[in-house]
Visitor: 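The structure's right below; bear with me while I get my questions together.
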Amino acid sequence: MKDWRYWLAEQRGTLLAFGIFIVMFTIYTSNHPAGFTANVVQTASNKGVLLAFVAMAQTLVVITAGIDLSVGMIFLLTNCLASWLVIGTGIETAFGVVAVLGTGLLCGAINGAIVIYGRLQPIVTTIATGAVYFGIALLLRPFPGGSVNEDLADALTGRLFGVVPASLVALLAVVLVVWMPFSRSVLGRAAYAAGSSEMAAYMSGVPIRRGKFAAYALAGLLAAIGGLFLTFFTYTGEAAYASGNAYTLFSIAAVVLGGVSLFGGKGSAIGAIFGALAFRTIGDLLFVFDFDPLWQPLFQGVILLIAVSLGAFALFRVRNRLEWFL
Amino acid sequence: EPEIVNGPSAEPECFAPWAADTQFFKFPKKEGPYRVALANGYIANTWRIQMVQTAKAYAAQPAVAAKLKEFKVVSTGEDVPAQISAINNFIDSGYDAIVVNAQNPTAFGPVIKRAKEAGVVLVAFDNILDTKDAINVNVDQKGLGELWANWLIKHIPNGGKILEVRGVAGTSVDTDRHNGIHETLDASGKKWEVTEVVGKWDDGVAQKATADAIATNGPFDGVTGQGGDTGIVQAMIDAKHPFVPFGGETENGFRKFCAKFAAEGLKCSSAGTGPAQVAVAIKTAIAALEGQVVPQAVKLPLAIVEDPNFKEGEDYFPDQSDNFFVGNSFPTCGINFTAQEIMGQSKENQ
Amino acid sequence: MSETTIGGIAGRMPKFVRRADPAVLTAFACIVLLLFVGSLYSRSFLSPEYLLQQLKVASFLGVIATGMMLVILLGQIDLSVPWSVAAGAMMACAAAAYGPVGVALAIPFGIFCGVAIGVVNGIGVAYLRIPSMIITLATNAVAQGLMVVYTGGFSPQDSATRAMRYLATGFAIPGVPNAVVIWALIGAAMVFVLTRTGFGRTVYGIGNRERAAYLSGIDTRRVVLIAFAVSGGLSAFGGVLLAGYASKAAQSMGDAYLLPSIAAVVLGGTSILGGRGSYLGTVAGVILITLLQSILSVMQMPEAGRQIIYGVVIVAMLLLYGRAPASR
Amino acid sequence: MDGAIPLFRMEGISKRYGGVRALEKAELSVTPGSIHAILGENGAGKSTLIKVMAGVVAPDEGRMMLDGSEVTFSSPAAANQAGIVCIFQELSLVPELSVSDNIVISDPPKRFGMIDRKAQRRIAEEALARAGAADIHPLALVKDLPLSRRQMVEIAKALARKPRILILDEATSALTAADVAKIFGVLKRLRSEGLALLYISHRMNEIAELADQCTVFRNGRNVASYAAGSKSDNEVVELMIGREYSHIFPPKPVRAPATAAPVLEARKLSWTDRLDNISLTVGAGEVVGLGGLDGQGQRELLLAFFGVLRGLSGQILIDGKPVAIASPAKARRDRIGMALIPEDRKTEGLMLPMTVRENLSFATLDRLSRAGIIDRAAEQRLIDDMVALLAIKTAGLDIPVGALSGGNQQKVVIAKWLMRQPRIILLNDPTRGIDVGTKQELYQLMRKLADQGAAILFYSTDYDELIGCCDRVLVLYDGAVKRELVGAEITERALIASALNIHGEEMPARGMAKGMAKTPARGADA
Ligand SMILES: Nc1ncnc2c1ncn2[C@@H]1O[C@H](COP(=O)(O)OP(=O)(O)OP(=O)(O)O)[C@@H](O)[C@H]1O
Ligand SMILES: Nc1ncnc2c1ncn2[C@@H]1O[C@H](COP(=O)(O)OP(=O)(O)OP(=O)(O)O)[C@@H](O)[C@H]1O
Ligand SMILES: O[C@@H]1[C@@H](O)[C@H](O)OC[C@H]1O
Ligand SMILES: [Mg+2]
Ligand SMILES: [Mg+2]
């Protein structure tokens, strides 16, 4: 086999997610009354990027064969915090941003510490810590409100050179600054190895605990970046329980659509980003098709069902039934 | 960008200003027919479904339909950014007016800016917007709390133990109602001991919370609940709690109980505004597009029914679902739907 | 509570308790602790009425968590619980609108709708090999969509039938609410299935290593399908009971049961990776969650504080007994 | 060679698992420039010993000395740091990572703090070449490789770590003779470079060829140490199993020509590019071997019979009648009565955390239940029979099967199928990793089952076994049957020649042939 074939095999999930996204987005924009305009793209990317950050966060944890059901709550908590802190002069705003990101990192680190050093199952740990984070968010913002540095917010949700959505650029920057270094670092590899086979990784002297811890902590950071963007996008903070849970569940859907294996060890945040964008486009499709309003939720559900079933087509190629159980 | 003008507004009966200092808007008159959109958030409860159905029915009324080129509804779920994006999309697609049931009162600043620049009329109802730049069709939530508290004060002359079942924590609706209740009780000068539990506007949750409260803190001399009232009464029945005065919302199930057990002590004040407020919101949007003067904040009348005035077939419907909210008409605005015709409509259409 | 006390108590208990995992015993000890804390706050906490009332409320979660446990034992998860519950409740009430036959078939029809959702989940997981975490999310969305269409379009009947009310709130045995009896029956059936039947063994086997189970000549896909169908059916049955309890069905009925049912199963010592866990543990988990929620509710603490305490207590309890063994 | 100074010493090492004494005051010395073999039956404590040495398991007592000073290892990484590198049988490769990722996993080359993929690939290619496995692509994912290739990657990975002490725990058990030959070359070179090597294997001939020094373990203690070659195989085996031992292979019956229709028959079986027009028959009472280099389609053939493969062409006949077998569930049904002892007992044969009891009866639940309910008394009876028949050593029926030693785990896998009294038994390399004593029992069992009328199809990577056990051997090459050897034709020479697809009497070059030709266990063969 040639090198590029191995590369292709490795990227299959990501490419499939990319393909699904492109198809859906093309259907969307070609039916949009306004067409493929800078405004439409900006609107879509502002919305998509939020989930993309949360999905990236989820990816990190899922790679270690864990799951983080608190990402949505970290996202809310940091949103509420940002609505207090990211305001004022440049220095104050900068301090606020650092504090918000630090808080996210801390939340992720707490999850990681409990799961790794406390040896608890990630799913129930993060259900519990998610409740705690939500409680704190509610303390911070019993009612929706607060404000944010609007210049910064407009800059990051606006457009560069009148065409490129700034939020997409920010997403790209985060990929380059957080994801790329992590995935190529020793710790990142340790996270993958631990997710694929913790025992093997341990026996090979891989620093699995540090790798997993880094993954959880960075997941908190990425969720916080999402929370920050939510604040930029809405100018306020709100502790909305349902929407926190929705982001958590959506992030799982995005991760799976993005070809990341829930069994750990496989997939990339890039795939998850396209998974998130594709997932968001499902909602947008409602806008361009004239559905009876009451049928819209069903339509969304069915599209989601179809999208998640696409991967099953690979099944028809399986000639050895044991491959079902990998 | 509307002109700020002096009142009174067109159809002052219907478009009642919220307060004495409420501003009046006059938008530049646009030629009809109009493209109007409804940007709903959450959809999966009866109130919202009833609301969407009412909106459709209203837009289909011949007089209204004549003014509309297009009426489009999108429900985006609980996610605020999705709703913001939907509104942005409506603006970009050239809709003339957008009616919103906002998932968050404060998050729409950027959207309001954009709508203003594009000359799009934005009307919020039910969950309204914290702004003076868009039209709000408003229910006096605090007034509702005051009403319930006054009802209890009237029926429990010497003060006593009250169970307050609250709605969804953190929403302005819940807070306003709660504040209205407490301020009024405190001002009464009587001694009240209030047990608060959270019912989340949901019968099941409210029922469970009530059952717990009765078991640990009961019995109570009076109850007030926002949403989930049917469940609250059910919990009282299950716990064999004596029937006591009750201030609650307008669910059909609740009113059925009120009518049935009034003689045994369940003296109810049932008040609120039904999902038909969406029709008022649409009506307001059209009026604004036609260049008529409208208040920035429209105050909706409360639909109040109090013991002993519960009339079968008018205020409650024994054969119908418990879940819908009675009081779906705003006669002053010429909006006269009954809830059953709304919820039954597609069946008849088939 | 020291280990010796637990051991001492355990010594006098029936065999199935003595053989239980220490984690399960600790979970029950935590229940006692919670009751103690609750009684500090309110006297009536330890009254039989209150405890029965808690048990009744717990039984709804118990029924739902039973299905969840079955699926978790397979190493899967069922995120379609919210709308399976709602669909069960709503469809049972809907059936009642169709005359006496409808009334008679209301409960089975509600359960059937849950089974149908479960079958879709099962086909997705077992035959299409879609991760359960996502296929169940999707069917949940589809079920929600269907219920919204139904509510908006069909002039719904949503009052519970007398039979439903009786199941949830009646007393066939004086003093013991029927809901509790039902949970006990379902629980006993589950214990029997898990410990005495080939199906139960197979569930554990698949949860541990599906490949090995398949190569042992087990039709693992059918077992997975059945487990999901049962989970859907039990969720729907939970919904039917809830509708009976509230005497009506509502859309959002199931929302409050998803995370607690997962938490209850895991708090009860079942491994989320599958293959390990006992039903007794799930019982403990369900009671723990219910008690905790109700203590927080009667403590009249603001929502924020409640959420924080809820989370902290769960982590604390798990650290006490739910830790995985050290690796060396 | 002054191998007298121990590089590493273990003294008084004990390790208990609950009631099980895995190690009891064990001693071991390792000298540089020599290969030290560790022998012992299954469960003797060999793996535990090396796990202690490699920092995987913490000993309860005892001390370890490296270069004369005491050391403790808190983790495998710490042991690695000290130059101790261990090749665990199959546990330490990360399946979702590529071969090169795995090879450098404990200390990847870095550039600007990130892993340098180019350098990593270079290192991996070098290491693979050193291990004689240059055919493995460094970008391939480990999970896509067959077991034998994975073991080669393990070895490359160990070499890349530049160890001072290299430990191989049954590292060659899944390798073909050709690979073993390459590995031996490497090991001998390492010895000459002054490394200390510890070698655990159940294959006596390998030890004979490689070892300088041997230590025998029994019941967690080292019972004897001696210079290689100073004891006969018989003596060694006696030390290991504590009893006398003779006649590894039971005598083969003189077969009358088959009259009845074969129990199992394949006609022109093909599947993707892995099976090519295979026709074969296995009659009742017959043991038919599958030979050839590893990976020539033997495993796929067994899976094809067992209903695991999709898109087969050709025909499978049972008792002369064509059947469609779409799943193992169908294959095991009474009408067919097939059983498969799978390749990897840990992932395919057993549910490790479940009890011995549950594992034993798992494939027979359908017969043991009435209306879905298990008849526990009947279950107990069958289990007792099987434990007795196979002499399974276990502390109880209700402990996790994962706590049994490898050989006993393998017995459980076999027992779980024998419980069904299958008519057709497919064996996929069943003696991998099990000790001589157990092997001998297994060979006898196979013959006994055949005598009782079973049709046995037996794949082995060990030529001795094929020679010793089979009535006929089919040699596969590239998915096709290249040659059928019957009775006296089954010789090592013939097996090797046909495995390499060499015709006539020409033999491969000497060095190669020596590596391939594993001398039969001396004194044991009849
Ligand atoms: N983690 C463990 N838990 C319980 N028992 C164990 C554990 N590890 C080893 N044992 C027991 O310790 C004894 C020694 O096992 P060990 O694996 O060292 O044997 P071995 O000599 O390597 O056998 P084999 O040749 O089968 O590999 C066995 O009885 C085994 O069951
Ligand atoms: N979780 C566990 N519980 C109990 N015992 C275990 C466990 N894991 C491993 N063991 C024991 O550890 C010993 C070594 O296990 P391992 O999987 O390393 O086998 P091995 O000796 O390397 O390979 P083989 O199975 O071929 O002998 C086995 O004897 C097994 O009994
Ligand atoms: O106003 C509330 C509405 O927004 C919600 O959807 O249902 C309950 C009502 O009280
Ligand atoms: Mg071993
Ligand atoms: Mg071994």
Visitor: If you look at every heavy atom in A/Leu262 and C/Met133, which pair is closest and at what distance?
Guide: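 For A/Leu262 and C/Met133, the tightest heavy-atom pair comes out as CD1-CB, 3.6 Å.
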
Visitor: Could you look at A/Leu69 and say if it's the side chain, the backbone, both or neither that has a heavy atom under 4.5 Å from chain C?
Guide: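 Side chain only.
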
Visitor: What part of A/Tyr133 gets closer than 4.5 Å to chain C, counting heavy atoms only: side chain, backbone, both or neither?
Guide: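 Answer is neither: A/Tyr133 stays 4.5 Å or more from chain C.
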
Visitor: Counting heavy-atom pairs under 4.5 Å with chain C, which one of A/Asp292, A/Val255, A/Val308 comes out on top?
Guide: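 Of A/Asp292, A/Val255, A/Val308, A/Val308 has the most heavy-atom pairs under 4.5 Å with chain C.
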
Visitor: So, do A/Leu120 and C/Leu319 sit near enough that their side-chain heavy atoms are less than 4.5 Å apart?
Guide: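 SC-SC contact between A/Leu120 and C/Leu319 confirmed.
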
Visitor: Starting from the C-alpha separation in whole Å, work towards a yes-or-no answer on side-chain contact (heavy atoms from CB on, under 4.5 Å) for A/Leu249 and C/Leu79.
Guide: CA-CA 9 Å; A/Leu249 294 180; C/Leu79 300 182; 4.1 Å; yes

Visitor: In residues 305-316 of chain C, what donor-acceptor pairs under 3.5 Å come from side-chain atoms, sequence neighbours left out?
Guide:
from: C/Arg306; atom 1: NE; to: C/Met301; atom 2: O; distance (Å): 3.1
from: C/Arg306; atom 1: NH2; to: C/Met301; atom 2: O; distance (Å): 3.2
from: C/Gln307; atom 1: NE2; to: C/Glu303; atom 2: OE2; distance (Å): 3.1

Visitor: With only heavy atoms counted, which part of A/Ile303 is less than 4.5 Å from chain C, the side chain, the backbone, both or neither?
Guide: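 A/Ile303 has no heavy atom closer than 4.5 Å to chain C.
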
Visitor: What residues of residues 115-126 of chain C make heavy-atom contacts with chain A at a cutoff under 4.5 angstrom?
Guide: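 Residues qualifying by a heavy atom under 4.5 Å from chain A are absent, so none.
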
Visitor: Show the nearest heavy-atom pair for residues A/Gly135 and C/Ala304, with the distance to one decimal.
Guide: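 Result for this residue pair: O-CB, 3.3 Å.
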
Visitor: At a heavy-atom separation under 4.5 Å, does C/Thr220 approach chain A through its side chain, its backbone, both, or neither?
Guide: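 Contact with chain A involves the side chain of C/Thr220 alone.
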
Visitor: So which part of A/Gln300 gets closer than 4.5 Å to some heavy atom of chain C, the side chain, the backbone, both or neither?
Guide: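 Contact with chain C is absent: no heavy atom of A/Gln300 under 4.5 Å.
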
Visitor: Which distance, rounded to the nearest 0.5 Å, do you find between the CH2 of A/Trp324 and the CD of C/Glu210?
Guide: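 It comes to 9.5 Å.
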
Visitor: At a heavy-atom separation under 4.5 Å, does A/Ile123 approach chain C through its side chain, its backbone, both, or neither?
Guide: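 Contact with chain C involves the side chain of A/Ile123 alone.
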
Visitor: Below 4.5 Å from any heavy atom of chain C, which atoms of A/Leu305 appear? Answer side chain, backbone, both or neither.
Guide: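 When you check distances to chain C, atoms from both the backbone and side chain of A/Leu305 fall under 4.5 Å.
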
Visitor: Where on A/Asn245 is there a heavy atom nearer than 4.5 Å to chain C: the side chain, the backbone, both, or neither?
Guide: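 Side chain only.
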
Visitor: Which residue is it: C/Ile272, C/Leu273, C/Thr270, C/Leu318? I am looking for the one with a side chain to side chain contact (heavy atoms under 4.5 Å, CB included) to A/Gln121.
Guide: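 Answer after filtering C/Ile272, C/Leu273, C/Thr270, C/Leu318: C/Ile272.
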
Visitor: Measure distances from C/Ser252 to the heavy atoms of chain A and classify the residue's part below 4.5 Å as side chain, backbone, both or neither.
Guide: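 Neither part; nothing is under 4.5 Å.
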
Visitor: Within a reach of under 6.0 Å around CZ of A/Arg319, are more than 12 heavy atoms found that belong to other residues, nucleotides or ligands?
Guide: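 Counting other residues, nucleotides and ligands, CZ of A/Arg319 exceeds 12 neighbours.
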
Visitor: Between C/Ile130 and chain A, with a heavy-atom cut-off of 4.5 Å, which part of the residue counts as in contact: side chain, backbone, both or neither?
Guide: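 Just its side chain gets close to chain A.
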
Visitor: Select, from A/Val302, A/Ile136, A/Val124, A/Leu304, the one with the greatest count of heavy-atom pairs under 4.5 Å involving chain C.
Guide: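 Ranked by heavy-atom pairs under 4.5 Å with chain C, first place is A/Val124.
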
Visitor: Go through the structure and list residues passing side chain to side chain contact (heavy atoms under 4.5 Å, CB included) with C/Asp219, not counting sequence neighbours.
Guide: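 In terms of side chain to side chain contact (heavy atoms under 4.5 Å, CB included), with neighbours along the sequence ignored, C/Asp219 is linked to C/Arg221, C/Arg222.
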
Visitor: Could you tell me which of C/Asn140, C/Leu128, C/Ile134, C/Leu258 has the largest number of non-hydrogen atom pairs under 4.5 Å with chain A?
Guide: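 Of C/Asn140, C/Leu128, C/Ile134, C/Leu258, C/Ile134 has the most heavy-atom pairs under 4.5 Å with chain A.
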
Visitor: Evaluate C/Gln144 against A/Leu298 for side-chain contact (heavy atoms from CB on, under 4.5 Å), listing each step before the verdict.
Guide: CA-CA 7 Å; C/Gln144 164 175 354; A/Leu298 183 60; over 6 Å; no

Visitor: Looking at residues at least two apart in the chain, or sitting in another chain, which of them share a salt bridge (charged side-chain N to carboxylate O under 4.0 Å, His left out) with A/Lys212?
Guide: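 Only A/Glu198 meet the salt bridge (charged side-chain N to carboxylate O under 4.0 Å, His left out) criterion with A/Lys212.
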
Visitor: Select one option (side chain, backbone, both, neither) describing which atoms of A/Ile127 are under 4.5 Å from chain C's heavy atoms.
Guide: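 Just the side chain, heavy atoms under 4.5 Å.
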
Visitor: If you tally heavy-atom pairs under 4.5 Å against chain C, which of A/Ser309, A/Gly118, A/Pro297 wins?
Guide: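 Most pairs with chain C among the choices: A/Gly118.
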
